[in-house]
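One-based numbering, in listed order, for ligands and for the atoms of each.
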Amino acid sequence: MRRTRVRFAPSPTGPLHMGGVRTALYNYLYAKQRGGDFVLRIEDTDSGRFVPGAERYIIDSLRWCGICPDEGVDENGQVVETPSPRHPHAPYRQSQRRGIYRQYAEQLVASGHAYYAFDTAEELEKARAEAEASGGTFIYNHLTRGTLRNSLTLPEDEVKRLLTERTDWTVRFLMPEGRIVEMDDLIRGPISVDTATLDDKVLWKRADELPTYHLANIVDDHLMEITEVIRGEEWLPSLPLHYLLYEAFGWQESQPRFAHLPLLLKPVGNGKLSKRDGDKMGFPVFPLRWSSPTGETSRGYREDGYFPEAFVNLLAMLGWNPGTEQELFSLDELVQAFSLDKVGKSGAKFNPDKARWFNREYLRMRPDEDLAALWLPMLEEKGLHPDLDFLTRVVALIKERATFVQDFWTIASYLFIAPSQFAAYGVKAGAASEKPVDPARPVDPRAKVWDDAATAPFLAKDVDKFYKPEIFCAALEAMENSAPDTLEEYIRSHEMPVGKVMNLIRLALSGAASGLGIADILGFIGMDEGLRRLRYMQERLG
Ligand code: GLU
């Protein structure tokens, strides 16, 4: 039995999509379950698509998720460049392995599986235009290769001359004719493809002395002793070529097994989940915030407030199911439970509500003290410095209503500062439709910050209807004469209208008509501050 070795082989062409993170995760789970190795290899041979910062982004994203490569990246998160016992196949960046590939391309030419092609970019463009003019498309394949400028059509001495004189030739794979390639996929089962439908792909380019994806990928998977290739469905069309390359090299014995993962689909409609869907519907498609070199930014799960555990869990469930009702899995539990035979063949629809549900569940599982510690810096940014114990007690009371730590402020800002806006009657605190209570300037929690612009119309329009002067008197009396937990009792025993008085008190305290219990609010801000808020409202009314 060979030791299980899988790899994640991203190209640093931009931020890693959540689908890419899922590919990395499934590889990681597969390897860890078998006590094998998870290798990170950077496939950066397409210099035209290289994006500065993308490699760092990939590594940071995996780290955030807790998906740590065994090989390819060192403790400091650097891609390893020189071989060592732990990283025997270094370098792991294909651009730094460029010297390796040419001999393999030449080997295929020598064995008749590949050939040199000398067609210039202009010649290929012309062939393309001609094909299109007659309603077809140009393909470099068994039908056209005999009419093009390559080592199959040119005399040998001409080929020799061109190889030394020109620097723009390529090596192309000689796609065999009339063959059915029989393949096997661990998720999809047997697949067969007729080679007549395939073209002669470029394997190596003299211009930059670099292999294309196909050659580099096969050579490196072979040299790095990869046993299973688990990757996205978009690579399925390349599979016949990859099979044929293993055959051409005579490496069938050690050829890895393949598993192509289903696509992540849009929440509504058909098609691949894209950044545009996220922008439109308000969810991220990238693990971390990304700022492109051209200044374009994209939101990330981390910055949106997701816990990495929740993100990993929701990704795991997009395409895989455990075969039971269980939905919440830690990374270790996933390692135990994961299996490729429970990965679906068809695309997995992304559901942003479900994603939030996962975070809510993880938030509830987090100890209150941890959540308070995560919340504290956000409050400090607003100039507030509450004590951690106080914060932990607040968290215990409100965490059930929150999805993200940043929701705590929306739910309970009035425990720290007097409200600056008043929600009209019937608007629920913390509901999506509520305007966040977010005063522009941080204030002393004792200070009264009534936002006149927001308050005035409310007071003028609604207060007469609901809160008559006698209600104010009743509320003040109750506040002056009772404790938070006996407030209601006091109002009742003095035959005042309980509902109206309580609503007024709540509005004065919190700025909203619903939310935390009045006794709870008063327990945090104290009766004095409560009275102050109520008196202020009364003053405003004259
Ligand atoms: N470099 C390819 C990518 O960007 C890797 C495909 C594979 O895993 O073979 O996804």
Q) For ligand 1, is V229 a contact, meaning one of its heavy atoms is under 4.0 Å away? A) no
Look at ligand 1 and say whether E234 reaches it with a heavy atom at a distance under 4.0 Å. no
Proximal ligand 1 atoms for [X], defined as those under 4.0 Å from one of its heavy atoms:
X	value
N217	7 (C), 9 (O)
E43	1 (N), 2 (C), 5 (C)
Y213	2 (C), 5 (C), 6 (C), 7 (C), 9 (O)

So, is the end of the R172 side chain (NZ or CZ) under 6.0 Å from the ring centre of Y140 and within 45° of the ring's axis? yes
Tell me: protein heavy atom nearest [atom], and distance?
atom	result
atom 5 (C) of ligand 1	A9 O, 3.1 Å
atom 4 (O) of ligand 1	S11 OG, 3.1 Å
atom 3 (C) of ligand 1	W235 CZ2, 3.5 Å
atom 8 (O) of ligand 1	R7 NH1, 2.7 Å

### Message
Suppose we call two aromatic rings close when their centres sit under 6.0 Å apart. Are W235 and F258 close by that rule?
### Response
no
| request: For the residue pair N359 and Y301, confirm or rule out a side-chain donor-acceptor distance under 3.5 Å. | output: no
Ignoring hydrogens and geometry beyond distance, is a side-chain donor-acceptor pair present between T23 and R231 at under 3.5 Å? no
Evaluate whether atom [atom1] of [X] has more than 12 neighbouring non-hydrogen atoms of other residues, nucleotides or ligands under 6.0 angstrom away.
X	atom1	answer
R2	CZ	yes
K272	NZ	no
N270	CG	no

